[in-house]
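Below: one structure, written as structure tokens.
Index from 1, following the sequence.
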Amino acid sequence: MAAEPEILEELRRLRARVPQLTGALAASVDGLVLAQDTPGVEPEGVAALTATALGVAVRMADATGQGELRELLVRGVHGYVAVYAAGRTAVLTLLAQDRVNVGRLHLEGRRAGARVGELVDAETAARGLGRVTPAKDPKPGPPARPPAHRARTARTPRATGASTPTTTES
């Protein structure tokens, strides 16, 4: 893949921004490694497991009416595995220590996933391969719920004058 050096560079920049990351891997939704920076971990196995977990997570999000899958977080005794959607055809898998700031992990993981997705989607479009997505269950899921609309009510301005008693005054 022509975008592999750029993806690898993005993974390295991500690991520099989040020092508690122990590995980063970009893979196709089919479980093929696109680029990896995962010392001490077998990238092909992680990519294959990511594809399997992704399939289950996509079905769970669909079955519960939560919409398109964005991310998946697994917490183990020794740390986290976070999976982020990366465009239409790839996923970003991050391995992190237990002491990672999970908010920072999500922030940086989402940004890197978007960048990796741009690179992979551009490469896919250049090759004319079209869209590749995980296989869907042949039976249709529940219909999508329309967004709930809440009417806004006008608020009455608060009085701030000196003659207005507060809860601490008697």
[X]: which residues meet the side-chain contact (heavy atoms from CB on, under 4.5 Å) condition with it, sequence neighbours left out?
X: Ala27; result: Leu25, Ala47, Val91
X: Ala57; result: Leu69, Leu72
X: Gln97; result: Gln20, Thr22, Arg99

Nearest heavy-atom neighbours spanning [X] and [Y]:
X: Pro19; Y: Ala16; answer: CD-O, 4.2 Å
X: Ala26; Y: Val116; answer: CB-CG1, 4.0 Å
X: Val41; Y: Pro43; answer: O-CD, 3.0 Å

Under the ring-ring contact (aromatic ring centres under 6.0 Å, His included) definition, can you give me all pairs with a residue in [range], not counting sequence neighbours?
range: residues 8-38; value: none
range: residues 26-51; value: none
range: residues 64-108; value: Tyr84-His106

Rounded to the nearest 0.5 Å, what separates atom [atom1] in [X] from atom [atom2] in [Y]?
X: Glu10; Y: Glu118; atom1: CD; atom2: CD; value: 9.0 Å
X: Glu71; Y: Leu54; atom1: CD; atom2: CG; value: 12.5 Å
X: Leu105; Y: Arg110; atom1: CG; atom2: CZ; value: 9.0 Å
X: Glu6; Y: Arg115; atom1: CD; atom2: CZ; value: 6.5 Å
X: Thr124; Y: Leu119; atom1: OG1; atom2: CG; value: 10.5 Å

Point to revise | Qualifying salt bridge (Lys or Arg N to Asp or Glu O under 4.0 Å) pairs, either residue in residues 33-57, two or more places apart | key: Arg15-Asp37
Point to revise | Joint hydrophobic cluster, Val18 plus Val102, side-chain heavy atoms closer than 4.5 Å | key: yes
Check your understanding: Is it the case that one hydrophobic cluster holds both Leu92 and Leu73, taking links as side-chain heavy atoms less than 4.5 Å apart, direct or via other members?
Key -> yes
Exercise for review: Take Val83 and Val74, measure what side-chain contact (heavy atoms from CB on, under 4.5 Å) needs, and give me the verdict at the end.
Suggested key: CA-CA 9 Å; Val83 179; Val74 176; over 6 Å; no
Side chain to side chain, [X] and [Y], heavy atoms closer than 4.5 Å:
X: Asp121; Y: Thr89; result: yes
X: Leu94; Y: Leu14; result: yes
X: Val33; Y: Val46; result: no

Review point. Under the side-chain contact (heavy atoms from CB on, under 4.5 Å) criterion, do Val100 and Leu21 qualify, and how do the steps go?
Key: CA-CA 8 Å; Val100 71; Leu21 284 183; 5.6 Å; no
So, using side-chain hydrogen bond (donor to acceptor under 3.5 Å, both in side chains) as the criterion, who are the partners of [X] when residues are at least two apart?
X: Glu9; value: none
X: Asn101; value: none
X: Ser28; value: none
X: Arg104; value: Glu108

Review point. Just wondering, are more than 12 heavy atoms of other shown residues or ligands nearer than 6.0 Å to CZ in Arg17?
Key: yes
